[in-house]
Engineer: 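Please find one structure pasted underneath; my questions will follow.
Since the model is a prediction, treat every value here as computed from it, not as a measurement. Whatever order the structure lists ligands and atoms in, that order sets their numbers, starting from 1.
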Amino acid sequence: MNRILILVALLFSFTGTMQAQENAEIVVNAEHKIAPIQPTMWGVFFEDINLGADGGMYAELVKNRSFEFSKPLMGWKTEGKVKEGNFLVINRGLESEKNPRFLRVSTESATKGSLGITNEGFRGMGIKKDLQYDFSVWYRQPVKGLIMHLELLSDNGETMGSAVFTPESTNEWKQGGVSLKAASTFAKGQFRIWFEGNGQIDLDMISLFPTDTWKGRKGGLRADMVQMLADMKPGFIRFPGGCIVEGHDLGVRYQWKKTIGPVEQRQQIINRWNTEFAHRPTPDYFQTFGLGFLEYFQMAEDMGAEALPILNCGMACQFNTAEVVPLSQMQPYVQDALDLIEFANGDATTQWGKIRIALGHPSPFNLKYIGVGNENWGPQYVERLKIFTKAIKEKYPTIKIVNSSGTDPEGERFEYLNKELRNMGADIIDEHYYRRPEWFLSNAGRYDSYDRKGSKVFAGEYAAQSDKTVSVNNRNNWLTAMAEAAFLTGLERNAEVVHMASYAPLFAHVDGWQWTPDLIWVDNLKVYGTPNYYVQKLFSTNRGTHVVEITSKKQALTGKDSLYASAVLDEDKSELILKIVNASGNQVERNLNIKGAKRKDTSPKMLVLKSDDLNTVNSIDAPMTVAPVESVMKSKGPKMKLLLAPQSLTVVRIALKQ
Ligand code: AHR
């Protein structure tokens, strides 16, 4: 009896071992290059939402610098013994349509401390010890008489930096400024101006910029935020959104021509995220366009990324007013697209090329992509898109046009558009997915059946929602990031079809957000990447040049045994790069069988992103709780053993013999 039991046990263990061995192999066929990975494969999606631009990446510290908010003194507080008429907001209307308001200050024997104004910044001002801050102002003071005492105020209102600005006498508007140095670091500072003397002065564009901007550009961008993007080595930058392109109504749609040239001439409008969510109202959210189209192009150029501007297609946001422009009146909209291409690529003989050159950028930006419409849908979209496509292709046949497939990755709207756009021969179709993690985990095979020859896909906006779309309870936790990683292996395996991908939204200010989850969070001084950021970064910095086959039991790894995988060759570096997600709670061991290539070294590099707790998040104070950990694998001989940690994304870089 015992013998029989032992035999049965042995038999079981033998078949078990056979099965385990069979299961335990992942095969990579490095010989067969399925398709090139586009340099644009992994990019970023930028929108001025959650204080992404104003109050965020655009480094201006003064809120409502030109008194153009709906409430002209929002963000400002008057100080001292204020009498009737000391401060007057004047609207010069037609004389300066783009920037009509300014502040008139009238004083009588004012002394330092008796009459002033304080700006609260965007949720305070982040100020750094020993850094220089550039104050500037447009002013008009017919008779010399006033002096301005400038003060950087700490979180508790102490003066931590000061300077004196003495305006000249001038009947015309004139710009002046002075610099201040900060004596300490504080996250929620303010900026105060005391007036001294007798007289009257008109003030506009009261501005304060740190000098440590991205590439040291005056009036530029917050370097730490831009650096986070640069670190991703993005293949493209999509801008300026997002729903912001469409506008709540057509009157406040995004118009690129109004975002270039001197900042005091960029006409400010309300940000659509000011009023979008009743549960997250942001009454002080406006668009100064200090970060405008030239700066977007420049940022893409700085990073070696393709610029991907998205333009309004003649439709306002269909979640809001859903206004459409009559087909007979589409010309100015289409002209904006044609002029934008000329602005980016034209030489000095062209109208818009000349404007770009005059703005200080002589060389063309070599724009290759343009998007028409954001989340627009229905036959109204198709009708308008056709008008754009005809005009753009006639004049610029090589420009690739990105088309919208609406708001969702399935359903009637999507099916209708996907069919129509493919029939129209769309270059690239933009798909959006804001879905639960389960959706991402079960859709790693989404593109396996897509037509290889037809329109290409831009996974233009995605983010796994730990709760549900637009819920304030959504968290950038490891579960969402891991689910996205699993899905991204599916995008990469299908690089023949998917040419671009970007997470959305990109930035959020911890004290000023409307929408969560978001890839990168900031406060006034610090920035941190979410686990989702590190997933994106691992994919984009390990992009490779060609996708190759990776299988287990001759099947792509799309979730069976909780495993997901993609493999790419990096021909430039002669490396094979594997990305494997183990979504199970157990460590998984697999033999790796590389066919068609020989390993060069016995110590491949491994980058592992993982957490035992799926709820883990990063934060301002603990920014690297979930972050990639690098190690070197020790493995001799042709076969390698892969140990995949529970709930992990593992990237393996294997040097190959040439
Ligand atoms: O990313 C946030 C918003 O989500 C975008 O503005 C819009 O395109 C989508 O609905």
Side-chain angles (χ1 to χ4, degrees), residues 43-54 56-57 229 236-249 252-254 269-277 279-280 282 285 287 291 296 308-313 315-322 371-378 381 402-411 413-414 417 428-436 439-440 457-472 474-476 480 484 500-509 512-521 530 532-533 536:
V44 296
F45 161 102
F46 186 91
E47 176 166 20
D48 191 4
I49 181 174
N50 304 317
L51 307 193
D54 285 294
M57 197 154 82
L229 307 186
F236 66 89
I237 298 184
R238 169 187 171 151
F239 56 88
C243 291
I244 217 165
V245 169
E246 303 158 63
H248 186 272
D249 56 61
V252 286
R253 71 187 188 278
Y254 197 103
I269 58 173
I270 190 167
N271 186 308
R272 59 126 25 225
W273 299 105
N274 182 316
T275 50
E276 184 61 13
F277 296 136
H279 60 282
R280 298 290 301 174
T282 316
Y285 207 0
Q287 290 179 269
L291 168 53
Y296 280 123
L308 171 53
I310 306 283
L311 297 190
N312 186 293
C313 64
M315 300 171 81
C317 180
Q318 287 162 276
F319 290 118
N320 299 150
T321 59
V372 177
N374 174 47
E375 280 183 344
N376 296 108
W377 68 78
Y381 173 60
V402 172
N403 298 178
S404 154
S405 67
T407 53
D408 294 278
E410 60 256 318
R413 279 180 198 155
F414 176 81
L417 275 182
I428 302 173
I429 301 177
D430 179 8
E431 297 188 6
H432 293 183
Y433 355 76
Y434 294 102
R435 288 290 187 269
R436 298 255 324 154
W439 185 93
F440 284 86
V457 168
F458 170 28
E461 293 184 31
Y462 53 78
Q465 315 285 298
S466 67
D467 188 14
K468 55 179 186 259
T469 319
V470 312
S471 161
V472 295
N474 284 322
R475 294 285 171 268
N476 284 100
T480 61
E484 286 154 14
M500 303 173 122
S502 47
Y503 184 101
L506 185 60
F507 285 117
H509 190 293
W513 58 272
Q514 296 80 46
W515 178 298
T516 182
D518 306 283
L519 200 64
I520 299 166
W521 288 76
T530 58
N532 316 69
Y533 170 81
Q536 289 296 130

Engineer: Can you classify the ring geometry of W273 versus F277 as parallel (below 30°), tilted (30 to 60°) or perpendicular (above 60°)?
Structural biologist: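 Correct class here is tilted.
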
Engineer: With sequence neighbours left out, what residues match R413 under salt bridge (charged side-chain N to carboxylate O under 4.0 Å, His left out)?
Structural biologist: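 Testing R413 for salt bridge (charged side-chain N to carboxylate O under 4.0 Å, His left out), a comparison that skips the adjacent residues, returns none.
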
Engineer: Any idea which atoms of ligand 1 are less than 4.0 Å away from a heavy-atom of E47?
Structural biologist: 5 (C), 6 (O)

Engineer: So is I49 polar-close to ligand 1, meaning N/O to N/O under 3.5 Å?
Structural biologist: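 No; every N/O pair is 3.5 Å or more apart.
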
Engineer: Let me confirm one number: the CG-OG1 distance from N532 to T480, rounded to the nearest 0.5 Å.
Structural biologist: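 Rounded to the nearest 0.5 Å, the CG-OG1 separation comes out at 4.0 Å.
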
Engineer: Any heavy atom of F319 closer to ligand 1 than 4.0 angstrom?
Structural biologist: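 In this structure, F319 fails to qualify as a contact of ligand 1 - no heavy atom is under 4.0 Å.
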
Engineer: So is W273 polar-close to ligand 1, meaning N/O to N/O under 3.5 Å?
Structural biologist: no

Engineer: Considering only non-hydrogen protein atoms, determine which one is nearest to atom 10 (O) of ligand 1 and report residue, atom name and distance to 0.1 Å.
Structural biologist: E375 OE1, 2.7 Å

Engineer: Considering only heavy atoms of G242, which atoms of ligand 1 have at least one such atom less than 4.0 Å away?
Structural biologist: 5 (C), 6 (O), 8 (O)

Engineer: E461 versus ligand 1: do any nitrogen or oxygen atoms come within less than 3.5 Å of each other?
Structural biologist: yes

Engineer: For ligand 1, is there an N or O atom under 3.5 Å from any N or O atom of N374?
Structural biologist: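 Yes, at least one N or O pair falls under 3.5 Å.
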
Engineer: Check side-chain contact (heavy atoms from CB on, under 4.5 Å) between R435 and all other residues, then give those that pass, not counting sequence neighbours.
Structural biologist: D408, P409, E410, Y433, W439, F440

Engineer: Note the single closest protein heavy atom to atom 1 (O) of ligand 1, along with its residue, its atom name and the distance in Å.
Structural biologist: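 Looking at atom 1 (O) of ligand 1, the protein heavy atom closest to it is Y434 OH, 2.8 Å.
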
Engineer: Given side chains that start at C-beta, do those of N50 and R280 come closer than 4.5 Å, heavy atoms only?
Structural biologist: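 They are not in contact (no side-chain heavy atoms under 4.5 Å apart), so the answer is no.
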
Engineer: Please answer whether the main-chain N or O of E246 pairs with a side-chain N or O of N312 as donor and acceptor at a distance below 3.5 Å.
Structural biologist: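 Looks like yes, one N/O pair under 3.5 Å.
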
Engineer: Using a 4.0 Å cut-off to any heavy atom of P505, which atoms of ligand 1 qualify?
Structural biologist: 1 (O), 2 (C)

Engineer: Side chains of N320 and E276: do they bring a donor and an acceptor to under 3.5 Å?
Structural biologist: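 Side chains of N320 and E276: pair found under 3.5 Å.
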
